[in-house]
A.B. asks: 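The structure that follows is given in the form of structure tokens.
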Number of protein chains: 2
Amino acid sequence: MLPSIEWKNSKVYMIDQTLLPFELKHLELDNFRDVATSIKVMNIRGAPAIGVAAAMGMALASIEYKELPKEKFLEKMEEAANIIKSTRPTASNLFWAVNRIWNIVSTYPDHPTIISDLVIEEAKLMAQEDINVNKNIGKHGASLLSNDDVVLTHCNAGSLATVQYGTALAPVRAAIEEGKQIKVIADETRPRLQGARLTAYELQYDKIPVKVISDTSSGLLMYLGLINKVIVGTDRVTSDAVFNKIGTYLVALAAKENNIPFYVAAPTSTLSLNENVRDVTIEQRDSREVSHVLGKLQIVPDGVDCLNYAFDITPFKLVTGIITEDGVFNPKELIKRYK
Amino acid sequence: MLPSIEWKNSKVYMIDQTLLPFELKHLELDNFRDVATSIKVMNIRGAPAIGVAAAMGMALASIEYKELPKEKFLEKMEEAANIIKSTRPTASNLFWAVNRIWNIVSTYPDHPTIISDLVIEEAKLMAQEDINVNKNIGKHGASLLSNDDVVLTHCNAGSLATVQYGTALAPVRAAIEEGKQIKVIADETRPRLQGARLTAYELQYDKIPVKVISDTSSGLLMYLGLINKVIVGTDRVTSDAVFNKIGTYLVALAAKENNIPFYVAAPTSTLSLNENVRDVTIEQRDSREVSHVLGKLQIVPDGVDCLNYAFDITPFKLVTGIITEDGVFNPKELIKRYK
């Protein structure tokens, strides 16, 4: 299995995901500025992975500045924090991760060299925590899968979107580790094609059977009985709906219509149960992501505009179960447990 | 408005649709072999347009062979018919059109020069009939549209898929001719992107407002109240379902869920009400249409297979109304009238 990011010998190693699935190249980064750039240009993506990258970026900054006097160290670390946080202004994991590191930097009274050691340990701990959460999601989710199931997933909530193991793909991995035969069908996930590129790549890499379909096909496959379960990831779960990559709602509607269980893999860090649908603004992205496939191939005539909403709203009534690191809950149980 | 195909001065003129939306080029064809090739390589596509192209191809053959003795003429015309019919073996309109011409060729007792004139007139009549059918679909469908409606369509059932005016887009054209303000949202329609390329092109050409979305977006737009009506075309209507381009079923499910009327524009030539869902085999096409966008840009890793079903099954319960050249009917009324 491919870890998306690792800390080794005081450096950060990450897969350059912009080159996937055609080239597997690791970036070796020894300073926080390069980490910030790698988040910005999406060498690394996926909320959990971005959070850990940000923490490791702070760790690199602490090494760079640890010989400075304490006051100067704090000043420089704050600069680094701001640079990292500015890379993807809507990614809440980024703020959470930088702030968790900043709490150490700003509260411990020790010398910067000691603080730097603490920060490095914290960043490594956050990476390990992510893997642990995902393994637990896998364990609970695997109990939902039967031998010979064909699982549809949308977008990439796999190993590449996390440090390792994935969220939506974790139950698949765990079920296979338990000896079940599981096949995956990956929606290509237009416009940015994370399913076709990343989900297909990481499953093929791990020898898990996968086929790709265009996003138009999931309904027919369910109608024909060729899909048994759906598992997707999520960016945010509110008190009434699941926010995830655009296209998720259509998949959920087709699953409901065809009595196919629709599960959402949601680390508790994505739960935002004091919000509801009305509190969330759906990000609209550049028209060009639709009109030019991967920025390379134009498919829409010049002068015709495209609408490009990035996230979908899937109401709770379409959700069979939500898989957290603590267990599997239907929406009512989720609210009761976590709100 | 762009006619996809025309008969002028004993020649066939057609738009080369493989070059759209980036180049508007007309092919000038003076023999049936070139017409057959143009159907095969999809310079022209769309069931009604293909039928008329086939008839015009037969007309060109009749000109080429009209000086031959009658027996030789018949022999050569049969050869031409077979060549044309072999171009797209699953296109039922092709057989219907060639057979309609063949009935004239084989039954009239006159000299080949006279038969050739009859064949030419029949081919021109078939083109005119197609336009008339579409205009009537437009007239009936326009009554369903209100001022300021935003209409979602999937694939291209427009002017380019017919001789002119279109089927699914006919109501939009007619409503605008009546003075209503109508906007269109076009699903890009993976894998072959007929919506992004052709629907966007022909509507822009006719100054009808159009925006393109990825196929993943229609559900959210309906949920947000940004779409008022859906109109799609069809390849075949059975006694229980509408067969149309893959992706239609998901659109219909989202429309139903959000109480948005879902209409199907269906010339009576597409009605096949003695069949039902179990009688129809869904065509599966080359995996490469999914893995390589427009044959040009690879998006799926080597070695990962894709599923590529070409058509979707939309059960009648999701269909608000079917628009034929005779009027608008709900599924029950349609069966009563035409079965």
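All chains are named by letter (A, B, ...) in the order of the sequence lines, taking the proteins before the strands, and each is independently numbered beginning at 1. In this text the structure is predicted, and so the values were computed from the model without any measurement.
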A.B. asks: Between A/Q298 (side chain only) and B/F22 (backbone N and O only), is there a donor and an acceptor less than 3.5 Å apart?
C.D. replies: no
A.B. asks: Please assess B/L250 against A/L253 for the test side chain to side chain contact (heavy atoms under 4.5 Å, CB included), listing each intermediate value before the final yes or no.
C.D. replies: CA-CA 8 Å; B/L250 291 172; A/L253 284 167; over 6 Å; no
A.B. asks: Does any part of the side chain of B/V290, heavy atoms only, come nearer than 4.5 Å to the side chain of A/E188, both counted from C-beta?
C.D. replies: yes
A.B. asks: Relative to chain B, which of A/L307, A/V210, A/T189 shows the most heavy atom pairs under 4.5 Å?
C.D. replies: A/L307
A.B. asks: If you count heavy-atom pairs under 4.5 Å between each of B/G195, B/P191, B/G247 and chain A, which one has the most?
C.D. replies: B/G247
A.B. asks: B/I246, B/I282, B/D302: which one forms the most heavy-atom pairs within less than 4.5 Å of chain A?
C.D. replies: B/I246
A.B. asks: With chain B as the partner chain, list the residues of residues 215-225 of chain A whose heavy atoms fall under 4.5 Å from it, by residue number, and write 'none' if nothing qualifies.
C.D. replies: A/D215, A/T216, A/S217, A/S218, A/G219, A/L220, A/L221, A/Y223, A/L224
A.B. asks: Of the listed residues (B/S214, B/P301, B/C306, B/S287), which shares the most heavy-atom pairs with chain A below a 4.5 Å separation?
C.D. replies: B/P301
A.B. asks: Does any heavy atom of chain B fall under 4.5 Å from the side chain of A/P315, the backbone, both, or neither of them?
C.D. replies: side chain
A.B. asks: Which atoms of A/I213 come close to chain B, meaning under 4.5 Å heavy atom to heavy atom: side chain ones, backbone ones, both, or neither?
C.D. replies: both
A.B. asks: Less than 4.5 Å to any heavy atom of chain A: does that hold for the side chain of B/L203, its backbone, both, or neither?
C.D. replies: neither
A.B. asks: Near B/K180 NZ, under 6.0 Å, is it more than 12 heavy atoms from other residues, nucleotides or ligands?
C.D. replies: yes
A.B. asks: When you look at B/E257 and A/K317, which way does the side chain to side chain contact (heavy atoms under 4.5 Å, CB included) test go after all the steps?
C.D. replies: CA-CA 12 Å; B/E257 174 76 7; A/K317 67 173 173 177; 2.6 Å; yes
A.B. asks: Nearest 0.5 Å, please: how far is CD1 in A/I299 from CZ in B/R192?
C.D. replies: 13.5 Å
A.B. asks: Other residues, nucleotides and ligands only: do more than 12 of their heavy atoms fall within 6.0 Å of NZ on A/K211?
C.D. replies: no
A.B. asks: Measure distances from B/L20 to the heavy atoms of chain A and classify the residue's part below 4.5 Å as side chain, backbone, both or neither.
C.D. replies: neither
A.B. asks: Below 4.5 Å from any heavy atom of chain A, which atoms of B/Y249 appear? Answer side chain, backbone, both or neither.
C.D. replies: side chain
A.B. asks: Heavy-atom cut-off 4.5 Å, strictly under: side chain, backbone, both or neither for B/D187 against chain A?
C.D. replies: neither
